[in-house]
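Have a look at the structure below, then the notes.
All values reported here derive from a predicted model rather than from experimental measurement. Position 1 is the first residue of the sequence; numbering continues from there.
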Amino acid sequence: MKNIQREDIHMISRHSNMTEQEIANALKENVYNDQAMWQKFLRLLLITLGIGFTTAGIIFFFAYNWADLNKFVKLGITEILVIATTVIVLLPKINTTTKNIVLTGSSFLVGALFAVFGQIYQTGANAYDFFLAWTLFITLWVVVSNFAPLWLLLIVLINTTFFLYTEQVARDWPTILVVTLHFLFNAAVLITFIFLEKDKKIKNIPKWFIYILGIGCATFATIGMVIGILDGYHSIFPFLTLTILPVYALGIRHGIQSKNGFYLSVIPLSLIIIISALLFKISDGEVMFLIVGLFIIVSITLVIMNLINLQKKWNHEK
């Protein structure tokens with residue numbers, strides 16, 4: 001039996017003659033983290049906090065002493081820090097995880113360098129230019145390191161760049177089109193990572209990374225559908241609907257096949273919000289508020305009951 005969980009041991013103990021010592025040993029071997037795991041966790045936590053606080057300290061240092069620093073000092077310090085952290089990553093004696101964490105800090109310093117450069121020379125560029133340059137200059141590091149936090153930073157920067165471009169340049173683009181493009185991009189990234197993990201092309205993709213991408217996709221899909229319903233069904237709305245339906249169907253199928261309740265809870269929650277918006281489109285009177293309230297209570301209850309039943313079924317299949 002692989003991947004034994006705490007609930008499995010408790011279930012076996014109730015239907016067997018296992019002693020307390022045997023149960024404690026089973027929990028210690030399969031559930032509890034040992035000393036080595038705690039040491040690894042604390043080491044990575046302290047390194048991450050150290051890099052994060054150092055980067056934040058550098059940014060606040062420039063912000064507080066901005067008026068008193070010469071422009072060459074400002075640029076020089078930032079460039080030296082970027083070079084120093086990059087050189088640390090190249091040292092052979094440092095393990096891969098530590099290198100990736102340092103490279104993440106260096107990626108944030110690249111953003112600080114562009115911000116300092118823009119403030120000194122007042123380039124007059126749009127905000128999206130700053131994020132676009134930041135995105136382009138760290139893309140190679142992200143691909144080479146293949147580190148989940150760096151991938152997340154890159155995806156956030158791409159979304160931010162595109163959003164600011166539509167706000168400052170393509171101002172005539174309708175909101176539902178912007179949200180649809182955000183949804184398509186994030187859904188494509190999510191599906192790509194899921195298939196790469198399924199085909200063993202990339203190993204050990206953190207669950208939290210997939211979950212954040214999934215929440216992002218569901219958020220953009222929900223916002224797009226609600227805007228489309230409440231704003232009078234824009235011409236983009238049918239395309240968005242036809243795009244969301246297969247993605248949600250794939251999500252439900254993947255959730256059932258992988259026995260993962262995340263997809264079976266996020267997608268129904270999105271559908272509940274969309275149906276509620278549709279009901280409010282029909283009427284926004286007091287009676288409709290009551291109907292929507294009852295609909296939300298009943299639908300969420302059904303979703304939870306379904307998740308509990310599926311979890312019990314999956315536990316028995318182990």
Side-chain angles (χ1 to χ4, degrees), residues 48 51-64 66 71 74-83 85-86 89 100-190 192-193 208-221 223-224 227:
T48 304
I51 298 293
F53 285 136
T54 303
T55 306
I58 293 167
I59 293 172
F60 279 102
F61 170 78
F62 282 111
Y64 188 78
W66 186 260
K71 61 183 179 182
K74 296 171 186 172
L75 285 173
I77 292 175
T78 316
E79 288 174 355
I80 288 171
L81 288 170
V82 172
I83 294 171
T85 50
T86 308
V89 173
N100 289 334
I101 294 173
V102 174
L103 195 59
T104 304
S106 184
S107 299
F108 279 100
L109 288 175
V110 170
L113 176 61
F114 279 112
V116 170
F117 182 84
Q119 284 292 326
I120 290 175
Y121 292 103
Q122 294 295 318
T123 58
N126 290 315
Y128 86 90
D129 290 323
F130 161 70
F131 286 99
L132 178 61
W134 189 358
T135 304
L136 293 176
F137 274 78
I138 68 167
T139 299
L140 183 59
W141 289 353
V142 176
V143 174
V144 172
S145 65
N146 195 24
F147 189 46
L150 269 176
W151 275 110
L152 184 61
L153 174 62
L154 183 72
I155 293 167
V156 170
L157 287 176
I158 292 173
N159 277 289
T160 306
T161 302
F162 178 70
F163 173 76
L164 291 173
Y165 175 80
T166 59
E167 288 288 309
Q168 297 173 335
V169 179
R171 297 177 182 174
D172 55 337
W173 289 13
T175 305
I176 189 171
L177 174 61
V178 176
V179 177
T180 300
L181 293 174
H182 274 292
F183 168 72
L184 290 175
F185 168 71
N186 289 280
V189 174
L190 174 62
T192 301
F193 272 103
W208 61 263
F209 177 70
I210 298 293
Y211 292 164
I212 290 176
L213 286 178
I215 291 173
C217 290
T219 302
F220 284 121
I223 293 174
I227 291 174

With a 6.0 Å cut-off on the ring centroids, do Phe162 and Phe185 count as close?
no
Looking at Gly111 and Phe130, what are the two nearest heavy atoms and their distance?
O-CE1, 3.2 Å
Indicate yes or no for a side-chain donor-acceptor contact from Ser106 to the backbone of Val102 under 3.5 Å, with no hydrogens or angles considered.
no
Phe193 atom CZ, over 12 foreign heavy atoms within 6.0 Å
yes
Between Thr180 and Leu184, is there a side-chain heavy-atom distance shorter than 4.5 Å?
yes
When rounded to the nearest 0.5 angstrom, what is the spacing between CG in Leu103 and OG1 in Thr86?
7.0 Å
I'd like to check Phe209 versus Ile155 (side-chain heavy atoms, cut-off strictly below 4.5 Å). Are they in contact?
yes
Nearest 0.5 Å, please: how far is CH2 in Trp134 from OG1 in Thr139?
12.5 Å
Per side-chain contact (heavy atoms from CB on, under 4.5 Å), Ile158 is matched among Thr160, Thr161, Leu154, Val156 by Leu154
Just how far is it from atom OG1 of Thr135 to atom CZ of Phe114, taken to the nearest 0.5 Å?
10.0 Å
Any idea which heavy atoms bring His182 and Phe163 closest together, and the distance?
NE2-CB, 3.9 Å
What's the shortest heavy-atom distance between Trp173 and Leu181, and which atoms?
CZ3-CD1, 4.1 Å
Side-chain donor or acceptor of Trp141 paired with backbone N/O of Asn100 under 3.5 Å:
no
Heavy-atom closest pair, residues Asn159 and Asn186
OD1-ND2, 3.0 Å
Could you grab the distance from atom CG of Leu109 to atom CD1 of Ile80, nearest 0.5 Å is fine?
12.5 Å
List the steps and the verdict of side chain to side chain contact (heavy atoms under 4.5 Å, CB included) for Tyr128 and Thr166.
CA-CA 9 Å; Tyr128 86 90; Thr166 59; over 6 Å; no
Of all heavy-atom pairs linking Leu150 and Val142, the shortest is O-CG2, 3.8 Å
Measure the spacing between CG of Leu190 and CD1 of Ile215 and express it to the nearest 0.5 Å.
11.0 Å
Residue set satisfying ring-ring contact (aromatic ring centres under 6.0 Å, His included) with Phe53, at least two apart, ordered chain then number -> none
Worked verdict on Val189 versus Trp151 for side chain to side chain contact (heavy atoms under 4.5 Å, CB included)
CA-CA 10 Å; Val189 174; Trp151 275 110; over 6 Å; no
Closest heavy-atom contact between Val82 and Thr85?
O-OG1, 2.9 Å
Going by heavy atoms in the side chains, are Leu153 and Phe108 under 4.5 Å from each other?
yes
How many angstroms lie between atom CD1 of Ile223 and atom CD1 of Ile176, to the nearest 0.5 angstrom?
11.5 Å
Does the side chain to side chain contact (heavy atoms under 4.5 Å, CB included) test come out yes or no for Leu113 and Phe117, once each step is laid out?
CA-CA 6 Å; Leu113 176 61; Phe117 182 84; 5.6 Å; no
